[in-house]
Number of protein chains: 2
Amino acid sequence: MKLALPETERNRLKHALKSRNRRPTRQRTCVYEVILEKRDHPTADDIHLRVREKLPSISLATIYNCLDTLVECELVKQVHLDRAPTRFCPNRNPHAHFHCRVTGQVYDVSLDDERLSIIEKTLPDGFTADTIELSFIGQGPKSDTIS
Amino acid sequence: MKLALPETERNRLKHALKSRNRRPTRQRTCVYEVILEKRDHPTADDIHLRVREKLPSISLATIYNCLDTLVECELVKQVHLDRAPTRFCPNRNPHAHFHCRVTGQVYDVSLDDERLSIIEKTLPDGFTADTIELSFIGQGPKSDTIS
DNA sequence: GAAATAAATGGAATGATTCTAATTTCTGTG
DNA sequence: CACAGAAATTAGAATCATTCCATTTATTTC
Ligand SMILES: [Mn+2]
Ligand SMILES: [Mn+2]
Ligand SMILES: [Zn+2]
Ligand SMILES: [Zn+2]
């Protein structure tokens, strides 16, 4: 009988959950499983469809719950940052953005041509990008944290 | 009498619009104006509030319409890419993403430590990032475009 | 195995964005 | 200048990903 989830990943999951005091449930295992199965960056809804083939009664809310847990445990990443209203920027030079977790502010971070071209060279042959988005998330300066 | 929108930008707007056969309306001018006024990456709603002080009857739909036009004319950028469902990814190594406009596929693009550290050095003093998101948007390989 | 706690569930609520259909504004031409 | 046609604006409805809530079910602890 072949395990759906390979031993290594099964352990990774178990440990990650235990270390955060979260329970290893059928649902969480299965969600993790389908994400590993096909590395195509599925949406929550895609995942729901796939998981339902194994757990037909799983709800979409649970998919979201499981995903939150897996992200929290750093077992999966979400490709788009926090869903939040789109922001607009008049800076027409190439630049990156810094989102401060503390204040919510968004700063421009200038990007010199040098670095920009290094970043562009990351792309393998056959890929042509017309847009690059680089953003940092963390803590900004003088956050006046009263700590 | 001081013009609300500086001459240079006023011209940029006029030319950009004309070159795409779009009309220079009060609403578009005003939206562009408030975005330039305060470079804080406002949301559509923020912009609506600010523009309403000058055009009290402007609708939110128009704000979105104007923003679409300004983005199309490359006068402003939107900081979050197209609003679309969040995607999830099990790749735990540092990597970038490539979104293909043609097929909608999302690919992982590996990021060596070298490049990663170059990117990190972009941040000015005082900023600490715990997350970096780098994504490319464009056309992927062998897109089988029947052209 | 019962109490206590965490998780799962279905459905309602949210909220950013998009769509629609009606009205208003522009622009080019006569 | 008037007018036809095109483009833009508007209010409100519709979408849709995500979150919230109250209830039920599963897990862990004792
Ligand atoms: Mn989330
Ligand atoms: Mn848009
Ligand atoms: Zn910016
Ligand atoms: Zn990825």
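In the text below, chain A, chain B and the rest are named by the order of the sequence lines, each starting its count at 1.
The separation between B:Lys18 atom NZ and C:dT27 atom C1' is 12 Å, rounded to whole Å. Counting to the nearest Å, the C1' atom of C:dT17 and the CG atom of B:Leu67 are 12 Å from each other. Residue A:Arg26 contributes atom CZ, which lies 13 Å from atom P of D:dT25 at whole-angstrom precision. Residue A:Arg20 contributes atom CZ, which lies 18 Å from atom C1' of C:dA7 at whole-angstrom precision. Whole-Å rounding puts the A:Arg52 CZ to C:dG10 P distance at 10 Å. For the pair B:Leu17 CG and D:dA7 P, the interatomic distance rounds to 14 Å; values are reported in whole Å. Atom CG of A:Leu55 and atom P of C:dA8 are 10 Å apart (whole Å). As rounded to whole Å, 8 Å separates atom P of D:dA11 from atom NE2 of B:His48.
By the 30° and 60° cut-offs, the orientation of the rings of B:Phe127 relative to A:Tyr107 is perpendicular.
Side-chain N/O atoms of B:Tyr64 include none lying less than 4.0 angstrom from OP1 or OP2 on C:dT18. Taking 4.0 angstrom as the limit, A:Thr62 places a side-chain polar atom (N or O) nearer than this to OP1 or OP2 of C:dT9. Contact between the side-chain N/O atoms of B:Thr25 and the OP1/OP2 oxygens of D:dA8 is not found at any separation under 4.0 Å. The side chain of B:Arg22 places an N or O atom within less than 4.0 Å of a non-bridging phosphate oxygen (OP1 or OP2) of D:dA8. Within the structure, a side-chain polar atom (N or O) of B:Gln27 is placed less than 4.0 Å from OP1 or OP2 of D:dT10.
Between B:Phe88 and B:Ala61, the residue anchored nearer the 5' end of DNA chain D, judged by the nucleotide with its closest heavy atom, is B:Ala61. Residue whose closest nucleotide on DNA chain C sits further toward the 5' end, between A:Leu60 and B:Asp45: A:Leu60.
Salt bridge absent: B:Glu133 and A:Lys77 never bring a charged side-chain N and a carboxylate O closer than 4.0 Å. The pair B:Arg50-B:Glu37 does not meet the salt-bridge criterion, since no charged nitrogen lies less than 4.0 angstrom from a carboxylate oxygen.
A:Thr43 and A:Asp46 form a side-chain donor-acceptor contact under 3.5 Å, judged by distance and modelled atom types alone.
Of the candidates D:dT9, C:dA7, C:dT25, the closest approach to any side-chain atom of A:Arg23 belongs to C:dA7.
Heavy atoms of A:Ser57 sit under 4.0 angstrom from primed sugar atoms or phosphate atoms, though from no base atom.
Put simply, A:Leu67 and A:Leu49 are part of two different groups of oily side chains (I, L, V, M, F, W, Y) that touch within less than 4.5 Å, one to the next.
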